[in-house]
Amino acid sequence: MKYTAARTFRAVRWLSMRVEERLTEASKRPDRGDVSITTVIIWVAAVTGALVIAGTIAAVIAKYNGSLNGI
C-alpha cells in the first residue's frame with residue numbers, strides 16, 4: 001500500500017500517453033477502415049443464426065436423449 005500513489009500515477013501517465021499516441025495516429029490516417037453499419041448487421045445476423053441453430057440442436061438432443069443412447 002506504500003507505493004499505491006506512485007503506481008496509480010504511472011498507470012495514469014501510461015494510459016494518457018497511449019491515448020495521445022492513438023489520437024495522433026488517427027489524425028495522420030483518417031481512413032482507418034471504420035466498421036460500417038452493414039458489417040455490424042451481417043455479424044449480428046450470423047451470430048444470431050448460429051445461436052438459433054445451436055439451440056435447435058440442443059433441444060432436439062434433449063428431446064430424444066433416451067432414444068439416442070444406443071447409437
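Only this structure's heavy atoms are used, side chains among them; waters, hydrogens and symmetry mates stay out. Note that the structure is predicted; figures quoted are calculated from it, not measured.
The hydrophobic cluster around Ile37 extends to Ile41, counting ILVMFWY residues whose side-chain heavy atoms fall within less than 4.5 Å of a member.
Side-chain N/O atoms of Thr24 and Ser27 include no donor and acceptor closer than 3.5 Å.
Residue pairs satisfying the side-chain hydrogen bond (donor to acceptor under 3.5 Å, both in side chains) criterion with at least one member in residues 11-20, sequence neighbours excluded, are absent.
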Distance-only donor-acceptor pairs under 3.5 Å for side chains of residues 45-57, two or more places apart:
{"from": "Thr48", "atom 1": "OG1", "to": "Val44", "atom 2": "O", "distance (Å)": "2.7"}
{"from": "Thr56", "atom 1": "OG1", "to": "Val52", "atom 2": "O", "distance (Å)": "2.8"}

I'd like to know whether Glu25 forms a salt bridge (charged side-chain N to carboxylate O under 4.0 Å, His left out) with Lys28, so could you lay out the CA-CA distance, the side-chain angles of the two residues, the decisive distance to 0.1 Å, and finally the verdict. CA-CA 5 Å; Glu25 181 182 342; Lys28 289 179 184 175; over 6 Å; no
